[in-house]
Amino acid sequence: MRVHTRSRRVLLGFAAAGASLALVAGCASSSSTPGDNSGGGGGDDKTLVFGASADPQVIYGPYVSDGESLRVIDQIFETLVALKPGTTEVQPGLAESWSASENNLDWTFKLREGVKFHDGTDFNADAVCFNFERWYNFKGAAQDSNLTYYWQTVFGGFKTRDNDAVPETSIYKSCDAPDATTAVIHLTSPNSSFIPALVIPAFSIASPTALDKYGDSVEVSGDSVNFTGTFGTEHPVGTGPYAFKSWTPGDKLEIVRYDDYWGDKAKIKTVIFKPIADGPARKQALEAGDIDGYDFVAPEDITALQASYQVLERPAFNVGYLGMNQNSGDLGNQKFREAIAYSLDRESLLKAKYPPGSEVATQFMPPTLWGWNPDVVTYPYDPAKAKAALQESGIKNPSVEFWYPSGVSRPYMPDPTAVFQAFKANLEAVGIKVVPKTAAWTPDYLKAVQQDGKAGLYLLGWTGDWADPSNFIGTFFGRANSPDWGYTDQAVQDGLKAALQEPDQAKREQMYKDLNAKIMEDLPGVPFVHNKSFLAFQTYVTGYTPSPVSLEQFAAVDITKG
Amino acid sequence: MLRFVARRLIQLVPILFGLSILLFVWVRALPGGPAQALLGEKATPERVAAIEAQFGLNEPIWKQYLAFLGRIVRLDFGSSLQTNQPVVDEMLRRFPATIELAILALLIAVAIGIPLGYLAAKRHNTWFDGTSVALSLLGIAIPVFFLAYLLKFLFAVKLGWLPTTGRQDPRLDVAHPTGFYVLDGLITGNPAAAWDAFKHLVLPALALGTIPLAIIARITRASVLDVVNEDYVRTAEAKGLQARTVTRRHVLRNALLPVITVIGLQLGLLMSGAVLTETVFAYSGVGKFLADGLLKRDFPTIQAFILVIAVSYVIVNLVVDILYGLIDPRVRVR
């Protein structure tokens, strides 16, 4: 082959240019070294970059129910009632105290004085009522259960009922502001679970002036809903320790310290939430020093990260359980259910298939929640007892249909198939025949289990929406003869109703403890796991307190280096 | 030439029409449907029904399709189920990012791929040729996300030269009037920001450009090998033409024809490759938005993005054909 010298030179030059493009970019590292580019350091201009898993939906409490939105809203806004950091214990928020009338229908909130919204307007009882009335009067698209999930779950319906899926009644009646620091909320039926629910950032008090100015309207356009008001996208104004600065979806959301905050001022001036959806990418961003911390550490990364970073454990707030539908086969037989419970080696399953920190559940709610009972009857792994119970049940050739979902990973169940396989082996070991049934999580599996009651044994679970036992055992067992359980006990239903209405917190707690004991005696299912999630931070980050309900305050976080 | 272009444009119509039907049917055939997917385990039959009513999902399918077509023509793709913002706005906001990334990736692929392929052909059957063939095979075979992790591990975690994610250091406070971050840094008189944006581009562009680079190198090599043995090259050399004239007029002009086709096809591949690359680099372009949309069954977004990407693919191919016509007069006649 001939060599065309000149052209070769040209081409070589081209190649050199291409290569040097890559090289120059690579070598020109300017001054940045890992961990050096945080702009943190001392002084008053500290910045923390947090790796979130996604963008918020919108920065307006009543329209959201996803964790990433709630995380940001929780820094900018405040609620009447708050949680003691790291616990589910209710403490004063924007209200210093509250009390119920004798009939438990009228709740009087004494508000904190001297609180101002970020736009300089006053926080007072009128502002509280303004917000409650606005939520209650949501219309049209705003009544979509996807938008106002928490209002509908906690308070029920709205003033008007614009779509058939909205609950028919509301426990909210009205709100009065007799003076600037007193707000009275009237309910239509006694309910005590709404107080712990008020800590959810969905019930954040927003500046009425800003809401009126920018609007929170939504409309249906094409296939979806569209936020036309800009309060939640460009101008969110609350009373929290941080004020909104800017948001470029997909890129970053920036909040800055609110210097006129009524309480302890935030330690770090600027907090930036950077959405990084890919889990391994979040880890590498931490390792490269691009971010100072991130949420949802993958279980397999925990050990590796612990060597050079802080890995924080978030207390569990979920439960995974094996449901036993009493309308199916022999599962109505109490002894048979006990045999199943004793046969399951939950400890080994968790050790083999769950991340560190997960714990065996003894009842249908996590130990971090008040009302959890340390003395419920338990069913530890004991094949001998299982066989004995099976004998007592009088069932010949015991057999069960065992349903498990495919193609899904849940917080309480990262790998449903692994759980199924372990339990199937356990059941067969004591002589129970297992007929496997599997279906795609949605819609087939959930429909078969929850609506049609087709499943005998099935795997399911729940992550709590707010820190109230009614949101766990009330959700499961509050309805008579629901298709998934086939379990009705009048004492349990009456007890749940009474506990929901009891105004005295200490009494409520005891009532739920008793209910948990009773439920575990009846054994409608076998709770098997409370699973935890993890966060990782650079070692110089201090003061981050993980919360079971993921309400974590960045105001207390600091950077201590340099 | 004009007739040629017009004919190609008319051919686009049935393609786009078929595409719209495919897209429409496909999204609605997803198991569970969008309403159930939205609600997840907190779904009740009533809520599913309400969502379906609200979004018109319970209308007859042909009515849904006509409505869909009508909206496409008006460029109204509805709102994204992820952000609740109009899909068109989301696209416009993210396209500069992907274009910036694709340009650099393609530059890397072309600037390295063509010379590499040419030199390999020139040194046919030498160690250089062997190595470049092996490397290009590896380049085609290596999964983008794996390469991305390797690049990040080396250049970001270990060496600390380049950032791992995003388009700009979030700690910098910079304006982005055009959405092309490198350009933005330059026109706002902030070269540091432009440089920072460029650094954020390098790793994703390398990851994204690797496969096209390998393909371009291989095609260039094969094509040059073909052409240099043609009679007309030998004739040109025999009649005493200067080497550079032979290369420019006879070798490259002919050898680059298939390469241009491949580069055109690569542009389409870059778009789909961007889905993975942008996801692992948390680079907020159209690819990442589509990836997020797929996970959340954000069907207005999926429809719009696929349609736009397909249309741009078709247009790129049209441009390639026209270029072909310019370079190779025989095409116009056919």
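We name chains A, B, ... by the order of the sequence lines, and we start the count at 1 in each one.
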Counting only heavy atoms closer than 4.5 Å, note whether [X] contacts chain B via side chain, backbone, both or neither.
X      : value
A:P56  : neither
A:T233 : side chain
A:I276 : both

For the residue pair B:R94 and B:F289, would you count it as a cation-pi contact if the rule is NZ or CZ under 6.0 angstrom from the ring centre and within 45 degrees of the ring axis?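 The answer is yes, since B:R94 meets both limits relative to B:F289.
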
Less than 3.5 Å apart, any donor N or O on the side chain of [X] or [Y] sitting next to an acceptor on the other?
X      : Y      : value
A:D290 : B:T164 : yes
A:Q57  : A:D66  : no
B:Y181 : B:D196 : no

Tell me, out of B:A282, B:A291, B:P170, who's got the most heavy-atom pairs with chain A below 4.5 Å.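 Among B:A282, B:A291, B:P170, the one with the most close pairs to chain A is B:P170.
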
Counting heavy-atom pairs under 4.5 Å with chain B, which one of A:K274, A:Q284, A:K252, A:R282 comes out on top?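 Counting heavy-atom pairs under 4.5 Å, the top option is A:Q284.
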
For chain B, find which of A:A277, A:P275, A:P280 contributes the most heavy-atom pairs closer than 4.5 angstrom.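 Heavy-atom pair counts peak at A:P280.
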
My understanding is that only residues two or more places apart in sequence, or in another chain, count here; which of them pass salt bridge (charged side-chain N to carboxylate O under 4.0 Å, His left out) with A:K283?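 If we apply the salt bridge (charged side-chain N to carboxylate O under 4.0 Å, His left out) test to A:K283, skipping adjacent residues, the hits are A:E287.
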
With a 4.5 angstrom heavy-atom cut-off, which part of B:Y149 approaches chain A: side chain, backbone, both or neither?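 For B:Y149, the contact with chain A is made by backbone and side chain together.
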
Structural part of B:L172 lying under 4.5 Å from a heavy atom of chain A: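 Only the backbone of B:L172 comes within 4.5 Å of chain A.
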
Ignoring hydrogens and angles, tell me if any N or O in the side chain of A:T228 forms a donor-acceptor pair with the backbone of A:S217 under 3.5 Å.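 Checking the backbone N and O of A:S217 against the side chain of A:T228, a donor-acceptor pair under 3.5 Å is found.
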
